[in-house]
Number of protein chains: 2
Amino acid sequence: MPKVGMKDARRQQLIDATMDSIAELGMQNTTIVSISKRAGMSSGIISHYFGGKQGLIEAALRHLLDLLGTELRERMARTGSSPAQRLDCIIEANFSDFQRSALAAKTWLSFWARSMHEPGLQRLQQINKARLYSNLRYSFAEVLPASQATTAAHQAAAMIDGFWLRSALSQDPAASFEASEHFCKDFVHKVLAGAST
Amino acid sequence: MPKVGMKDARRQQLIDATMDSIAELGMQNTTIVSISKRAGMSSGIISHYFGGKQGLIEAALRHLLDLLGTELRERMARTGSSPAQRLDCIIEANFSDFQRSALAAKTWLSFWARSMHEPGLQRLQQINKARLYSNLRYSFAEVLPASQATTAAHQAAAMIDGFWLRSALSQDPAASFEASEHFCKDFVHKVLAGAST
DNA sequence: TTATATTGATTGAACGTTCAATCAATAATG
DNA sequence: CATTATTGATTGAACGTTCAATCAATATAA
């Protein structure tokens with residue numbers, strides 16, 4: 001029999017190559033050839049492992065969401081339990097080195113746009129959107145009354161997404177992400193400070 | 001001679017048809033046939049008036065930016081001159097009926113994603129991004145010290161874009177836009193209230 | 001007014017290109 | 001040897017662009 005355990009390795013290589021291609025060429029110009037070439041494999045392999053280009057695209061998004069979720073979980077385990085610490089942690093996870101890489105940023109934005117017209121991707125985005133809000137809401141609610149926590153969580157979630165979008169499109173993404181993280185924390189801290197007055 | 005004055009009318013019809021098609025099918029599935037069919041014209045007319053599909057896409061984005069700019073200017077002329085009034089006005093313009101329509105929202109997001117890999121579109125987006133920040137910054141600076149005004153303007157701009165993005169992808173865009181406008185104003189008002197303490 | 005000439009807006013078929021998917025052939029493994 | 005993994009040439013559909021032909025609207029002439 002052929003080498004065993006290749007399946008997962010090949011799938012991961014193809015997913016990485018997909019993000020490389022999207023980051024470099026854009027979703028528009030990413031083809032099964034541009035992906036398979038980057039992965040050092042042939043075009044036919046994509047249908048073999050993912051059933052087709054569409055399946056690979058969805059798997060790549062799922063992988064990005066997994067990374068984001070894992071990043072958050074690991075950081076949360078390492079941080080303190082105060083609302084301020086946990087909120088900082090959520091922000092940091094959303095602006096972590098990986099997330100702020102041009103590769104992830106461009107891939108992410110491409111998925112966002114495409115998810116408008118593809119139910120499979122849309123469902124994944126909705127889950128992620130809800131997760132960010134829910135995490136923020138939980139920590140705010142430990143300090144603020146319910147309605148204020150809801151407002152703050154919505155505002156913080158939108159601010160994170162907005163900064164993220166603006167940074168991804170920025171001329172200097174690295175510097176922009178850096179500043180964004182600071183601005184988001186500033187907002188959260190002011191909201192928490194206002195709670196005790 | 002052929003009917004005169006058709007040029008501008010036809011161009012506008014094609015731009016409208018382009019946004020219809022992008023809203024319905026997505027940028028991905030928008031073709032010169034899907035556009036020209038919606039405009040009730042033949043496929044060749046696009047090259048005749050815009051030099052090609054790419055030219056039409058850019059013209060459509062320029063049109064969206066014009067509408068947003070005009071909307072803002074007209075509202076500004078009608079509103080008071082206090083910073084609070086002007087900031088509210090900026091928010092309202094960004095969440096106006098036209099902007100919040102599914103058609104504009106989906107078209108806008110498609111342009112955002114595409115602009116990452118097309119310099120022509122990217123330039124237009126940068127100008128628009130800078131305009132929103134600059135308008136916000138100007139009004140905040142009338143009440144806040146420079147560095148605080150800068151922070152508030154960045155935060156407000158990101159919040160507007162973020163809410164806009166989340167609403168466009170929402171299951172119920174109309175309700176989401178409505179709430180977003182409220183949340184943005186709430187943020188701005190709290191920032192201004194904090195200035196007098 | 002009537003008839004003819006002129007204009008350029010508009011059409012749609014043809015063309016070359018690109019792409020995702022397929023599959024017969026081959027390589028590699030146990 | 002038997003089995004599976006992998007290749008890459010091939011296919012057919014879909015796309016944007018082009019352009020000769022058509023047509024309606026106007027200008028001009030008689």
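Per chain, numbering begins at 1; letters A, B, ... match sequence-line order.
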(request) Report which part of the nucleic acid B:S36 touches: base, sugar-phosphate, or nothing (heavy-atom distance under 4.0 Å, all strands). (result) nothing
Measure from [atom1] on [X] to [atom2] on [N] and round the result to the nearest Å.
X: B:K37; N: D:dA14; atom1: NZ; atom2: P; answer: 12 Å
X: B:Q28; N: D:dA14; atom1: CD; atom2: P; answer: 14 Å
X: B:E58; N: D:dG16; atom1: CD; atom2: C1'; answer: 16 Å
X: B:L25; N: D:dA14; atom1: CG; atom2: C1'; answer: 14 Å
X: A:D8; N: D:dA5; atom1: CG; atom2: P; answer: 13 Å

Check [Y] with [X], please: is the shortest side-chain N to carboxylate O separation under 4.0 Å?
X: B:K190; Y: B:D186; answer: yes
X: A:R86; Y: A:E142; answer: no
X: B:E92; Y: B:K185; answer: yes

Return no unless some side-chain N or O of [X] is found under 4.0 Å from OP1 or OP2 of [N].
X: B:R10; N: C:dT10; answer: yes
X: A:S42; N: D:dT7; answer: yes
X: B:Y49; N: C:dT10; answer: yes

(message) So if I define the base as every atom that isn't primed, P, OP1 or OP2, how would nucleotides 17-22 of chain D read as a B/S/- string at a heavy-atom cutoff under 4.0 Å?
(response) BB----
(request) Look at the side chain of A:S115 and the backbone N and O of A:W112, then say whether any donor-acceptor pair between them is shorter than 3.5 Å. (result) yes
(request) Compute the ring centroids of B:F187 and A:F187, then answer whether they are less than 6.0 Å apart. (result) yes
(request) Can you spot which of A:D8, A:D16, A:L14 makes a side-chain contact (heavy atoms from CB on, under 4.5 Å) with A:Q12? (result) A:D16
(request) Ignoring the backbone of B:T31, work out which of C:dT11, D:dC15, D:dT7 is nearest its side chain. (result) D:dC15
